[in-house]
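Numbers here simply count residues along the sequence, with the first being 1.
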Amino acid sequence: MGSINQIALGCGIATVRVSMAKPSWAVRAELPGAPDLFAERSILRSGSSSSRRRDLVFVVNPSGANGRTGKEWKKLLPYLRSRLGADCNICESLTSDPSHAIDITREAIREGADAVIVVGGDGTLHEVVNGFFWAGKPVTNYDKEATHSTALGLIPLGTGSDFARSFGWKNNPYEAIERIAKGQRSRIDVGVICGETDEPHYFVNVADIHLSAKAGYHASKYKRFGNLCYVIGALKGFIGHRNQDLKIKVNEGEWEVYPQVTALCIGNAKYFGGGMKITPNADPQNGKFEVVILQDFKWYDFLLKLHKLYNGTHLSVENVSSRSVHSIEVEEIAGSGNIYVQSDGEHLGFLPRKFCILPSAVEMIC
């Protein structure tokens with residue numbers, strides 16, 4: 001089945017149904033009488049950079065937050081046009097399938113978009129970040145003479161919006177549009193995850209292992225309940241849970257054994273699970289991960305210490321340790337093959353995995 005793509009040009013929107021097999025440039029070519037944004041850019045390149053209109057691609061998951069993202073986006077679009085339309089070409093791309101946002105992002109970067117703006121939550125952000133890379137390398141503009149790079153932007157409208165919390169951003173789309181209008185950029189770090197055979201996988205928020213990853217896997221099936229999905233996920237995650245001995249290698253050093261690990265969290269940013277400040281010292285602009293390890297936790301420990309986990313004061317709790325790393329490899333000792341791994345709320349399979357930081361890998365509109 002095809003997908004719905006809408007191209008907003010000036011004050012109007014052209015909507016077409018296209019085959020998923022066709023790239024976005026083919027869509028633009030099929031719009032009768034519609035201006036070609038990227039042809040227009042080639043003309044503007046000959047003028048000064050200050051007069052060039054910015055090409056912004058908004059990646060919208062209309063089914064996000066149980067359909068709330070799509071509804072909020074429709075309400076927001078007229079204001080966005082009026083605020084940005086005078087200086088920007090606005091391209092709206094609605095996702096329809098898993099990984100669709102990855103394809104949209106790669107095509108936008110190759111065509112020279114000034115920014116790819118995520119409209120949604122951490123799941124859509126996760127896909128768009130992965131779209132900035134291909135076969136282990138950054139995606140680049142087809143035009144090798146281009147003087148600008150594609151930035152990442154965010155209008156947080158998701159269930160958790162945990163990455164936005166690390167910047168102190170609220171789920172306020174009007175504040176986000178003002179950030180986009182100003183266009184100030186800052187580089188952020190990106191984490192990369194490698195398995196034994198898998199392609200590299202990228203994340204900007206938190207990757208985690210074992211109980212928290214298992215809970216996240218179950219929570220993803222109940223997002224229709226809003227933030228309650230995290231409670232449901234945690235309850236289901238505890239069923240049959242056993243703490244496990246893990247082997248860890250930090251910064252290419254020697255292997256260390258950590259007994260009875262309950263959860264291991266690798267933070268590029270601070271929050272996960274709908275506002276839990278799990279890696280409170282993480283900073284997506286300092287070139288390092290914060291790794292927090294919970295050992296020998298029982299179910300009642302989470303109940304007694306939940307408030308500390310949410311407000312980020314748990315690092316002083318017994319059986320909680322924290323360290324700053326550039327890379328970390330994690331393997332299980334028992335070899336069961338069922339230790340869950342996730343990043344930014346997306347299930348990635350099971351151990352073993354290696355996590356590395358890519359400092360200043362992506363420009364972000366901040």
Legend entry - Cluster check Y258, L294: I/L/V/M/F/W/Y, side chain < 4.5 angstrom: no

Inset, instruction - Would you kindly confirm whether I102 and I104 end up in one hydrophobic cluster when ILVMFWY residues are joined by side chain heavy atoms under 4.5 Å apart? - result: no

Inset, instruction - Check G267 against A282 and note the closest heavy-atom contact, atom names and distance. - result: O-CB, 3.5 Å

Legend entry - Heavy-atom check, side chain of T150 versus side chain of V116, under 4.5 Å: yes

Inset, instruction - Report yes or no: do H314 and H307 form a side-chain donor-acceptor pair below 3.5 Å? - result: no

Legend entry - Residue pair S343 / H201, side-chain heavy-atom distance below 4.5 Å: yes

Legend entry - pair N243-L211: side-chain heavy atoms closer than 4.5 Å: no

Legend entry - Nearest non-hydrogen partners of G275 and Y310, listed with the distance: O-CD2, 3.4 Å

Legend entry - Carboxylate-amine/guanidinium contact K249 E331, below 4.0 Å: no

Inset, instruction - Determine, step by step, whether F289 and F355 satisfy the ring-ring contact (aromatic ring centres under 6.0 Å, His included) criterion, reporting the C-alpha distance in whole Å, the side-chain angles of both residues, the deciding distance to 0.1 Å, and the verdict. - result: CA-CA 9 Å; F289 293 131; F355 306 78; 7.4 Å; no

Legend entry - Contact check, side chains of C265 and F272, non-hydrogen atoms, under 4.5 Å: yes

Legend entry - CG-CG distance between L125 and L152, expressed to the nearest 0.5 angstrom: 6.0 Å

Inset, instruction - Would you sort out whether E252 and K354 count as a salt bridge (charged side-chain N to carboxylate O under 4.0 Å, His left out), showing the intermediate values? - result: CA-CA 10 Å; E252 307 296 340; K354 181 177 181 178; 2.7 Å; yes

Legend entry - Distance in Å, F203 CZ paired with H126 NE2, rounded so as to fall on 0.5 Å steps: 9.5 Å

Legend entry - Centroid separation Y271 to F167 less than 6.0 Å: no

Legend entry - Carboxylate-amine/guanidinium proximity below 4.0 Å for R323 and E256: yes

Inset, instruction - Search all heavy atoms of P359 against all heavy atoms of G287 and return the closest pair with its distance. - result: CB-CA, 4.3 Å

Legend entry - From CG (N172) to CZ (R179), nearest 0.5 Å: 8.5 Å

Legend entry - Single-linkage hydrophobic cluster, 4.5 Å side-chain cutoff, F350 and I333 together: no

Legend entry - Closest non-hydrogen atom pair, C88 against L56: SG-CD1, 3.7 Å

Inset, instruction - Identify the heavy atoms of D245 and P259 that sit nearest to each other, and give their distance. - result: OD1-CA, 3.2 Å

Inset, instruction - Give a yes or no answer on whether the side chain of H148 reaches the backbone of G112 with a donor-acceptor pair at less than 3.5 Å. - result: yes

Legend entry - Side chain proximity check, F133 to L358, heavy atoms < 4.5 angstrom: yes

Legend entry - CD1-SG distance between I180 and C366, expressed to the nearest 0.5 angstrom: 11.5 Å

Inset, instruction - Check the side chains of N61 and T69 for a donor-acceptor pair under 3.5 angstrom, ignoring hydrogens and angles. - result: no

Legend entry - Ring-ring centroid check H347 Y340, cutoff 6.0 Å: yes

Legend entry - Hydrophobic cluster identity match, L235 and L228, side-chain contacts under 4.5 Å: yes

Inset, instruction - Tell me, with the steps shown, if D344 and F163 meet side-chain contact (heavy atoms from CB on, under 4.5 Å). - result: CA-CA 9 Å; D344 298 349; F163 183 72; over 6 Å; no

Inset, instruction - Check whether any side-chain heavy atom of V139 sits under 4.5 Å from a side-chain heavy atom of R110, and report yes or no. - result: yes

Inset, instruction - Compute whether any side-chain donor of one residue and acceptor of the other, for S324 and E290, lie under 3.5 angstrom apart. - result: no

Inset, instruction - Ignoring hydrogens and angles, state whether a donor on the side chain of T262 or Q295 is under 3.5 Å from an acceptor on the partner side chain. - result: no

Inset, instruction - Would you please indicate yes or no on a ring centroid separation below 6.0 angstrom for F132 and Y202? - result: no

Inset, instruction - Run the numbers on N268 and I357 for side-chain contact (heavy atoms from CB on, under 4.5 Å), then give the verdict. - result: CA-CA 8 Å; N268 185 47; I357 196 80; 3.5 Å; yes

Legend entry - Distance in Å, S99 OG paired with N130 CG, rounded so as to fall on 0.5 Å steps: 8.5 Å

Legend entry - Exceeds 12 heavy-atom contacts within 6.0 angstrom, atom CH2 of W134: no

Inset, instruction - Looking only at non-hydrogen atoms, find the nearest pair between D189 and S360 and report the distance. - result: OD1-N, 2.8 Å

Inset, instruction - Measure the shortest side-chain to side-chain distance between V60 and S93 over non-hydrogen atoms and say whether it is less than 4.5 angstrom. - result: no

Inset, instruction - Could you tell me the separation between the NZ atom of K270 and the NZ atom of K277, rounded to the nearest 0.5 Å? - result: 6.0 Å

Inset, instruction - Kindly confirm or rule out a cation-pi arrangement of K305 over F297, judged by NZ or CZ under 6.0 Å from the six-membered ring centre and within 45° of its axis? - result: yes

Legend entry - Candidate list L154, V57, I365, test side chain to side chain contact (heavy atoms under 4.5 Å, CB included), partner I117, passing option: I365

Inset, instruction - Would you confirm whether N286, through its side chain, and K288, through its main-chain N or O, come within 3.5 Å as a donor-acceptor pair? - result: yes

Legend entry - Sidechain N-carboxylate O distance under 4.0 Å for K298, D296: yes

Legend entry - R68 charged N/C atom sitting above W73 aromatic ring, 6.0 Å / 45°: no

Legend entry - Any side-chain donor near an acceptor of the partner, N89 and D55, under 3.5 Å: yes

Inset, instruction - Identify which one of V330, I293, V257 satisfies the side chain to side chain contact (heavy atoms under 4.5 Å, CB included) criterion when paired with L246. - result: V330

Inset, instruction - Determine whether the side chains of H210 and D208 contain a donor N or O and an acceptor N or O closer than 3.5 Å. - result: no

Inset, instruction - Please say whether more than 12 non-hydrogen atoms of neighbouring residues, nucleotides or ligands are located less than 6.0 Å from CD in E178. - result: yes

